[in-house]
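Working notes for the structure below.
Model, not experiment: these values are computed from the prediction. Each ligand, and each atom within it, is numbered from 1 in the order the structure gives.
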Amino acid sequence: MNATPVVVLVSGGGSNLAALLEAAKDPAYGVQVVAVGADRDGCGGVEIARAAGIPTFVCRVGDYTERAAWDAALADLCADYDPALVVSAGFMKLVGPGFLQRFGGRFVNTHPALLPSFPGVRGAQDALDYGVKVTGATLFLVDEGVDTGIILAQCVVPVEDADTVEELTERIKVAERAQLVEVVGRMAREGWTVEGRRARIGRSR
Ligand code: GRF
């Protein structure tokens, strides 16, 4: 079976990307990371990709006069690699309608909370502030909202009484990486279906 081509978008340290690249070393995993894109220079994720010999691109919002032009350029850069799936692995930008027209339904994002609780950029902090006893990570298909897309997978992480935001964030990230690797691999190998808001990974029965 041919590996499924995947473009990964990053903004940060790239630990999720690193986990995907590690998994993809095994041909049975079924994923080939064909390119890594970022919205900023010098982020760890791009360095990880370069070190692994994977093509990279940077597409900065500030280089475009309009957000829609950035969005179209980002979509063009991804399309150059003809991916079956685009994975946002800590990509800290919202894409627009132009990008979603081309990659909607096959653009996945991982969020460090159990959506629909605690969307946005402070997932771990908001969970701590609210006082929940469990939180987690959510993998979802990106739509036009902020963390509102169809949920593909979720995993639960306990909140400990003495947690700092750093400790909780790190515990979430460990679970999040494992989930991302497992589910992206299954999506690549087995496909997925969506009915209403309910997604099912794997071949339909
Ligand atoms: C992840 O926790 C992701 O959910 C959040 O940013 C983090 C990215 O981490 N949006 P990394 O860059 O993959 O280490």
Side-chain angles (χ1 to χ4, degrees), residues 6-25 29 31 33 35-52 54 56-61 74 78 85-95 99-100 103 107-130 132 134-160 163-185 187:
V6 173
V7 168
V8 181
L9 300 179
V10 295
S11 299
S15 68
N16 283 286
L17 168 67
L20 281 171
L21 291 177
E22 188 56 37
K25 284 181 183 168
Y29 182 61
V31 167
V33 178
V36 171
D39 65 325
R40 61 197 72 187
D41 293 309
C43 67
V46 168
E47 296 311 319
I48 288 170
R50 285 200 184 121
I54 291 164
T56 61
F57 57 86
V58 175
C59 190
R60 286 175 293 254
V61 173
L74 181 70
C78 290
L85 202 58
V86 180
V87 175
S88 160
F91 186 64
M92 302 303 281
K93 287 281 181 299
L94 295 174
V95 299
F99 189 94
L100 290 174
F103 293 107
F107 180 35
V108 307
N109 186 24
T110 177
H111 179 74
L114 291 175
L115 294 172
S117 291
F118 314 125
V121 294
R122 289 164 31 104
Q125 182 71 62
D126 289 346
L128 267 186
D129 291 350
Y130 196 92
V132 293
V134 294
T135 182
T138 303
L139 190 73
F140 63 98
L141 291 167
V142 179
D143 66 8
E144 41 295 308
V146 178
D147 300 328
T148 53
I150 287 169
I151 292 172
L152 295 160
Q154 293 186 298
C155 59
V156 174
V157 172
V159 180
E160 307 293 350
D163 267 348
T164 62
V165 70
E166 291 78 19
E167 286 164 342
L168 180 58
T169 298
E170 206 34 59
R171 191 176 312 117
I172 293 170
K173 285 185 74 169
V174 171
E176 182 181 38
R177 285 194 288 270
Q179 172 171 264
L180 182 75
V181 166
E182 190 208 321
V183 178
V184 166
M187 290 174 81

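- For atom 1 (C) of ligand 1, the closest non-hydrogen atom on the protein side is Glu176 OE1, 3.3 Å.
- The salt bridge (charged side-chain N to carboxylate O under 4.0 Å, His left out) pairs that include a residue from residues 164-174 are Asp163-Arg171, Glu170-Arg177, where partners are two or more places apart or lie in different chains.
- Among all protein heavy atoms, the one lying closest to atom 12 (O) of ligand 1 is Gly14 N, 2.8 Å.
- Considering only non-hydrogen protein atoms, atom 9 (O) of ligand 1 sits nearest to Lys173 NZ, 3.0 Å.
- Here is the list of ligand 1 atoms found below 4.0 Å of a heavy atom in Gly12: 12 (O).
- Nearest heavy atoms, Tyr29 versus Val181: OH-O, 2.5 Å.
- Within the structure, the salt bridge (charged side-chain N to carboxylate O under 4.0 Å, His left out) test picks out the following pairs touching residues 108-125 (sequence neighbours left out): Arg122-Asp126, Arg122-Asp129.
- Checked against a 3.5 angstrom limit, the closest N/O atoms of Gly13 and ligand 1 fall inside it.
- The shortest separation from a heavy atom of Thr110 to ligand 1 is under 4.0 Å, placing the residue in contact.
- The ligand atoms of ligand 1 that sit less than 4.0 angstrom from a heavy atom of Asn16 are 1 (C), 8 (C), 9 (O), 11 (P), 13 (O).
- Between the side chain of Thr110 and the backbone N or O of Leu139, no donor-acceptor pair lies under 3.5 Å.
- A distance-only check finds no donor-acceptor pair linking the side chain of Thr135 to the backbone of Ala127 [under 3.5 Å].
- Looking only at protein heavy atoms, the nearest one to atom 8 (C) of ligand 1 is Gly90 CA, 3.6 Å.
- Atoms of ligand 1 lying under 4.0 Å from any heavy atom of Pro112, numbered from 1 in the order shown and given with element: 4 (O).
- Summarising the geometry, atom CZ belonging to Phe99 is positioned 5.5 Å from atom CG belonging to Leu9; distances are rounded to the nearest 0.5 Å.
- The residue Arg177 has no part lying near ligand 1, judged by heavy-atom distances below 4.0 Å.
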